[in-house]
Protein chains: 2
Amino acid sequence: MRVDAVRNRQQIVEAARELVARDGDAVRMDALAARAGVAVGTLYRHFPTKSDLIGAVVEESTRALAVRAEDALDQVRLGASAWSQLEGLFASIAQGYSAHRAVVTTAALLELGSAEDPEGSAARAVAAMGAMVAAAQRAGDMRTDVDLADLLMLLGQAPERDDDRRARYIALVSDGLRPRPPASS
Amino acid sequence: MRVDAVRNRQQIVEAARELVARDGDAVRMDALAARAGVAVGTLYRHFPTKSDLIGAVVEESTRALAVRAEDALDQVRLGASAWSQLEGLFASIAQGYSAHRAVVTTAALLELGSAEDPEGSAARAVAAMGAMVAAAQRAGDMRTDVDLADLLMLLGQAPERDDDRRARYIALVSDGLRPRPPASS
DNA sequence: CGACAAGATGAACCCTGCTTCATTATCGTC
DNA sequence: GACGATAATGAAGCAGGGTTCATCTTGTCG
């Protein structure tokens, strides 16, 4: 592969990372090309379709999330509190959200990542989160009437655009997952 | 106004109610016209633009929600539990969602409905909900570290498409709003 | 009934945004 | 440094979907 082609591909992925993070799948190909400093045609040389390009970004982000989640799980195995690790993970998700969101939502669709491609990043991320949820519940730090699917669904509904709003959302939801008092009403 | 024009207008609004409820603002004008049993041109005779048509549906729905909320508030004034009335209201919102959603979100944008058009339906709905939130918190049935803006934000994030999923979401969020034990972690 | 204004029709228009491809430029090799 | 393969370019193509408008239809009133 020619050296300029490699460089362009990197710039395209880089630009896509940024713009997809901001605009989601509403990015426009010409804007993307402009940001990457290439012509639209070059986009199509490297990625046959818009979906493929976004898919690549999502895949990359999914991989990062999987690593992050498995790392958190390792911490738990080393004795850290499962709940606090989950909270940290939530924060990570809140940050690089627009890409991660796809993970969470597609993961939910893929029957919790168990079905097709059980070795895929999404499946691994979901598996790690599942283990932590179970541990947190066992430790009494998380409501037991909420399961992994619920958690993924809630995360998948976080606001996309506004960062502050999303942080607040995550905080509220996270708090809502803590165990509740016996019951009163 | 001619009698057939009146009938057509009703059919259009009716069709819009149904289709907007299902597809949100992704409804297509031709689908809408087909459902209403008229040609597209007729749509434009009655509503100059797609936004106007959707706006009409939303306005209608907002009015209904305002009535519903004020009714719930009346019940509270008559001695009912504010929290249980709020729960009932949540259920209503979950049902006719896609239209109500606009209410909730636009309401949030309109600085909680206090700013422009304080007599509007959105403002009234928000005001009634605010009163109930305050009452529920006073009664110790709802977390006090969550305010009206938070509530509207959370409601505004409910899943649009899937009814079951949305019901589950509302249940989880609603539960998360109950007071929590002193604190542990 | 006849006339006419109000209304309805739907094919054509236009704009936006993804995709193609003929042309041009660049890299790597002999 | 010249040649062929690889890559980049960007104007044109195309499709989806909202909007227009010349034409036809129909309700209403004298």
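So you know, we letter chains A, B, ... as the sequences are listed, proteins then strands, and number each from 1. On a predicted model such as this, the values are computed, not experimentally measured, just so you know.
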For Met1(A) and dT26(C), what is the distance between atoms CE and C1' respectively, to the nearest whole Å?
15 Å

Could you tell me which residues satisfy side-chain hydrogen bond (donor to acceptor under 3.5 Å, both in side chains) with Thr144(A), sequence neighbours excluded, listed by chain and number?
none

For Gln75(B), check side-chain hydrogen bond (donor to acceptor under 3.5 Å, both in side chains) against everything at least two apart and list the hits.
none

Does anything in residues 4-13 of chain A come within less than 4.0 Å of DNA chain C? Heavy atoms only, and list the residues if so.
Asp4(A)

Which residue pairs pass the salt bridge (Lys or Arg N to Asp or Glu O under 4.0 Å) test with at least one member in residues 64-83 of chain B, sequence neighbours excluded?
Glu70(B)-Arg124(B)

So, the side chain of Arg166(A) versus the backbone of Glu160(A): is there a donor-acceptor pair under 3.5 Å, distance only?
yes

Going 5' to 3' along DNA chain D, between which two nucleotides do contacts with chain A fall, using a heavy-atom cut-off of 4.0 Å?
dA5(D) to dA11(D)

Residues that Arg138(B) engages under salt bridge (charged side-chain N to carboxylate O under 4.0 Å, His left out), provided they are two or more places apart
none

When the side chains of residues 146-156 of chain A are checked against the rest of the protein, which donor-acceptor pairs come out under 3.5 Å, sequence neighbours left out?
unit_1, atom_1, unit_2, atom_2, d
Asp147(A), OD1, Ala149(A), N, 3.1
Asp147(A), OD1, Asp150(A), N, 2.8
Asp150(A), OD1, Arg168(B), NE, 2.9
Asp150(A), OD2, Asp147(A), N, 3.1
Asp150(A), OD2, Arg168(B), NE, 3.3
Asp150(A), OD2, Arg168(B), NH2, 2.5

What is the distance from CZ of Arg2(B) to C1' of dA6(C), rounded to the nearest Å?
5 Å

Residues forming a salt bridge (charged side-chain N to carboxylate O under 4.0 Å, His left out) with Asp4(B), sequence neighbours excluded:
Arg2(B)

Results of side-chain hydrogen bond (donor to acceptor under 3.5 Å, both in side chains) for Gln11(B) - residues two or more places apart only:
none

Pairs of donor and acceptor atoms involving the side chains of residues 43-50 of chain A, under 3.5 Å and at least two apart or interchain, shall be tabulated with distances.
unit_1, atom_1, unit_2, atom_2, d
Lys50(A), NZ, Asp25(A), O, 3.1
Lys50(A), NZ, Val27(A), O, 2.8

For Val38(A) and for Asp25(B), locate the closest nucleotide of DNA chain D by heavy-atom distance; then report the residue assigned to the nucleotide nearer the 5' terminus.
Val38(A)

Please give me every residue in residues 39-51 of chain B whose heavy atoms get under 4.0 Å of an atom in DNA chain C, ordered by residue number.
Ala39(B), Val40(B), Gly41(B), Thr42(B), Arg45(B), His46(B)

Those residues at least two apart in sequence (or on a different chain) that pass side-chain hydrogen bond (donor to acceptor under 3.5 Å, both in side chains) with Gln10(B) are none

